[in-house]
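First the proteins, then the strands, lettered A, B, ... as listed; each starts at 1.
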Amino acid sequence: MSKYYLTTPIYYVNAAPHIGHTYTTLVADTIKRLKAMQGIEAYLVTGTDEHGQKIERAAAKIGKSPQEYTDLISAEFEQTWKQLGLSIDKSQRTTSPQHAAAVAKLFAACDAAGYIYKGSYTGYYSVTSEAFVADAKEGDVDPDSGQPLELVTEENLFFKLSAFQDKIIELHETNPQFLQPDSRRNEVLAFLKNEKLQDLSISRTTVKWGIPVPEHPGHVFYVWFDALMTYWSAVEGTDLWPADLHLMSKEIVRFHAIYWPAFLMAAGWPLPKRIYSHGWLLFEDNKMSKSRGNIVRATPIQKVMGFDALRYFLLREIPFGSDGSFSFDALVARYNSDLANGLGNLLSRTLSMILQYREGKVPAPVEADASAIPVALAHYENFEFHKALETIWRWIGDLDKYIVENAPWKLAKDSSPEAQARLDAVLYRCFESLRLITALAAPVIPESAAKIALQLNIQGPLTWGHTPQGHAIGEISPIYPRLDAKVAIEQMKTLEDEELARQNTLLGKVEEAPVVNIPPIAETISIDDFVKVDLRVGIVLSAENVKGADKLLHLKIDIGEPTGPRTIVAGIAKAYSPESLINRKVVIVANLAPRKLKGIESQGMIVAASLEGGSPALAAFLEEVPIGARLK
RNA sequence: GCCGGCGUAGCUCAGAGGUAGAGCGAGGGUCUCAUAAUCCCUAGGUCGGAGGUUCGAGUCCUCCCGCCGGCACCA
């Protein structure tokens with residue numbers, strides 16, 4: 001029996017599991033079941049990434065040790081997967097000692113091959129991203145999260161990522177299947193070809209919560225060197241490595257498609273065979289985020305309509321690989337039309353006719369068209385779940401039509417041998433089709449497929465005609481009760497609130513006002529230091545976009561100097577249109593050394609408050625202030 | 001600015017040179033085996049815009065507009 005090893009990403013434990021985590025994991029579960037259908041023994045690994053400063057701080061904030069904190073959240077993940085019935089073979093935690101030993105092995109192998117060296121690094125560090133932010137300066141914020149940066153200098157161990165540029169390019173060029181879909185592959189290739197890879201800092205001395213680097217006291221492994229190894233450590237000692245498939249969402253593709261193969265190449269270990277990225281799951285076309293409060297969890301949905309409904313929805317509605325949008329309305333609509341009125345009703349009418357007209361015994365086999373089977377399987381093979389399901393459901397539609405066209409209820413009243421023979425044929429076709437449809441859909445809707453199989457009282461292979469004459473059907477009962485959309489959505493939302501409250505209690509969170517995260521106050525300076533900074537009131541005379549830059553505005557600002565207005569280039573184009581700035585009074589740093597931006601010399605800098613996401617809000621006055629006034 | 005992707009019926013999308021399609025929703029009708037389910041009919045959408053190639057263009061070419069990614073850019 002051949003084997004297939006696939007992974008979900010290692011989820012970061014800064015939040016309890018939500019529908020985004022569930023999406024990836026459910027796809028992995030579906031693929032595993034598909035493999036099983038083909039007689040391939042698939043092994044599914046998921047896990048949690050539990051190290052890092054962010055965890056350290058989050059734990060401290062609620063008065064727990066990092067270990068207690070991660071125990072709590074990783075248990076939430078495992079509990080959720082179990083509750084949802086996902087077929088996970090192993091949940092690997094980065095805090096496991098065995099994993100730590102595996103990371104040490106990778107390190108030793110890379111070191112022995114000469115790809116590790118010691119260096120020092122000074123830079124602005126984002127705690128939220130756990131990364132140094134390139135070219136950052138004082139006062140900058142994380143470009144993604146808007147959180148403040150901290151200036152950090154430390155001695156680090158470096159991995160010679162730069163040595164692998166050509167090899168990684170070659171990997172992607174010679175093996176287009178390595179990274180899919182193509183859009184992601186193109187992005188990574190474009191990046192690799194235009195950007196010189198920098199060596200990667202793989203250790204930290206400022207963080208305690210991590211795996212200690214052997215023979216380098218005080219050093220702890222830094223996120224990717226630690227986290228990616230989970231895929232390997234989870235199956236250490238088995239013959240499962242290399243992985244056949246790493247599944248993930250698109251924002252972490254680069255780490256998997258560049259760092260991970262480079263680490264393995266350095267160590268001389270086999271590379272995974274395939275990386276496949278899906279898109280983002282949006283909530284009614286918005287990004288899900290804590291601050292929007294629109295994060296959805298899977299378990300409330302499970303309670304109202306069954307987890308299969310969510311599985312079916314996500315796989316049928318979203319072309320795998322693309323971004324997709326979740327909404328309760330669409331979910332319930334799919335459930336009612338495809339599951340209740342479609343599959344559920346077809347099962348119900350078919351079995352009920354067999355019961356009424358043939359005393360619950362399936363008539364003799366007849367031939368029929370089952371060409372949907374290979375088509376659906378081919379789509380599955382390409383991870384085109386939505387097409388596979390579309391194919392299967394078209395079969396269901398054809399059967400409903402077939403039933404009406406043949407009107408078995410009329411045939412039943414006609415005692416002629418011809419009519420009775422036709423009735424037998426109709427019933428057999430419906431029954432056997434249903435058996436095959438259920439088998440085909442089972443990887444996506446495993447729980448209800450099992451229930452249906454019970455009612456059919458038979459399973460068997462994916463070949464037509466397996467059900468023998470006289471086969472007795474099981475007991476009939478509705479699989480997917482029709483739902484009132486309004487009521488169901490209300491229930492799900494209520495359960496969602498309860499679940500959120502439960503998680504908050506679990507994590508010791510109190511209802512708090514929106515988290516105010518102010519940047520740390522900078523080092524104390526003297527008044528002399530301060531007066532060195534010359535802040536002036538100026539007025540914007542003209543403003544235009546800078547060609548070739550999204551964020552830059554080219555401004556002429558008058559601060560009353562005899563030499564005339566100054567040219568200032570400011571990164572505020574995303575927040576302000578040029579027209580809106582004309583005649584507006586602003587504050588500028590007037591004695592900042594000039595600097596060229598996109599070929600234009602900027603003679604100063606505009607003062608603005610830095611908001612979440614890094615977007616600026618210009619300083620202004622409530623009173624009338626004259627041009628040229630100094631701020632002090 | 002560069003590189004990708006996308007823009008087709010109310011919604012989700014398919015179609016890739018030869019008389020505009022599916023599913024869902026909505027409206028009307030029908031059967032009665034079935035979960036007020038099924039089935040049938042109905043949508044008349046300048047196929048983002050403008051040019052061009054062609055006997056003929058959602059379908060090829062050029063330009064433009066809008067949206068989404070990636071890169072650059074934020075002193």
N or O in side chain of A:Arg482 less than 4.0 angstrom from B:A37 OP1/OP2: yes
Nearest whole angstrom, please: distance from the [atom2] of [N] to the [atom1] of [X].
X: A:Asn406; N: B:A34; atom1: CG; atom2: P; value: 17 Å
X: A:Ile476; N: B:A34; atom1: CD1; atom2: P; value: 9 Å
X: A:Phe320; N: B:C13; atom1: CZ; atom2: P; value: 16 Å
X: A:Glu390; N: B:C24; atom1: CD; atom2: C1'; value: 12 Å
X: A:Gln356; N: B:U32; atom1: CD; atom2: P; value: 14 Å
X: A:Arg394; N: B:G21; atom1: CZ; atom2: P; value: 17 Å
X: A:Asn186; N: B:C3; atom1: CG; atom2: C1'; value: 9 Å
X: A:Met353; N: B:C31; atom1: CE; atom2: P; value: 17 Å

Among side-chain atoms of [X] and [Y], is any donor-acceptor pair under 3.5 angstrom?
X: A:Ser162; Y: A:Lys196; value: no
X: A:Ser416; Y: A:Asp414; value: yes
X: A:Gln180; Y: A:Asp182; value: yes
X: A:Tyr312; Y: A:Arg334; value: no
X: A:Arg274; Y: A:Gln177; value: yes

Using Watson-Crick or G-U wobble geometry with both distances below 3.5 Å, tell me the partner of [N], or none.
N: B:C6; result: B:G66
N: B:C39; result: B:G29
N: B:C13; result: B:G21
N: B:G1; result: B:C71
N: B:A57; result: none

For [X], report the nucleic acid contact type (base, sugar-phosphate, nothing); a contact means any heavy atom under 4.0 Å.
X: A:Gly342; value: nothing
X: A:Ala330; value: nothing
X: A:Leu347; value: nothing
X: A:Tyr357; value: sugar-phosphate
X: A:Ala333; value: nothing

Would you measure the distance from the [atom1] atom in [N] across to the matching atom in [M] and give it in whole Å?
N: B:A72; M: B:A14; atom1: C1'; result: 36 Å
N: B:G21; M: B:G58; atom1: C1'; result: 12 Å
N: B:A9; M: B:G5; atom1: C1'; result: 23 Å
N: B:A37; M: B:G27; atom1: P; result: 12 Å
N: B:A36; M: B:G29; atom1: C1'; result: 16 Å
N: B:C11; M: B:U53; atom1: C1'; result: 36 Å
N: B:C60; M: B:C47; atom1: P; result: 15 Å
N: B:U19; M: B:U59; atom1: C1'; result: 15 Å

Closest to side chain of [X], choosing from [options]:
X: A:Asp400; options: B:U35, B:C33, B:C39; answer: B:C39
X: A:Trp409; options: B:C40, B:C31, B:U38; answer: B:C31
X: A:Ser348; options: B:U38, B:C33, B:A34; answer: B:A34
X: A:Leu552; options: B:C74, B:U38, B:C33; answer: B:C74

Are [X] and [Y] within salt-bridge range, i.e. N to O under 4.0 Å?
X: A:Lys193; Y: A:Glu173; result: yes
X: A:Lys532; Y: A:Asp529; result: yes
X: A:Arg422; Y: A:Glu418; result: no

5'-most by nearest nucleotide on RNA chain B - A:Asn341 or A:Lys413: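 Counting from the 5' end, the first nearest nucleotide belongs to A:Lys413.
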RNA chain B: 5'-proximal contact among A:Ala570 and A:Lys387 (nearest heavy atom):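 So the residue in question is A:Lys387.
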Per-nucleotide protein contact string for nucleotides 66-72 of chain B, where B marks a base within reach and S marks sugar-phosphate only (heavy atoms under 4.0 Å, - for neither): ---SSSB
A:Arg566 and its side chain to side chain donor-acceptor pair (under 3.5 Å) partner, picked from A:Glu601, A:Glu561, A:Gln603: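 Output: one option passes, namely A:Glu561.
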Within the 6.0 Å centroid threshold, strictly below: A:Phe178 and A:His172: yes
Chi class for B:G58: syn within 90° of 0, otherwise anti: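 B:G58: syn glycosidic orientation.
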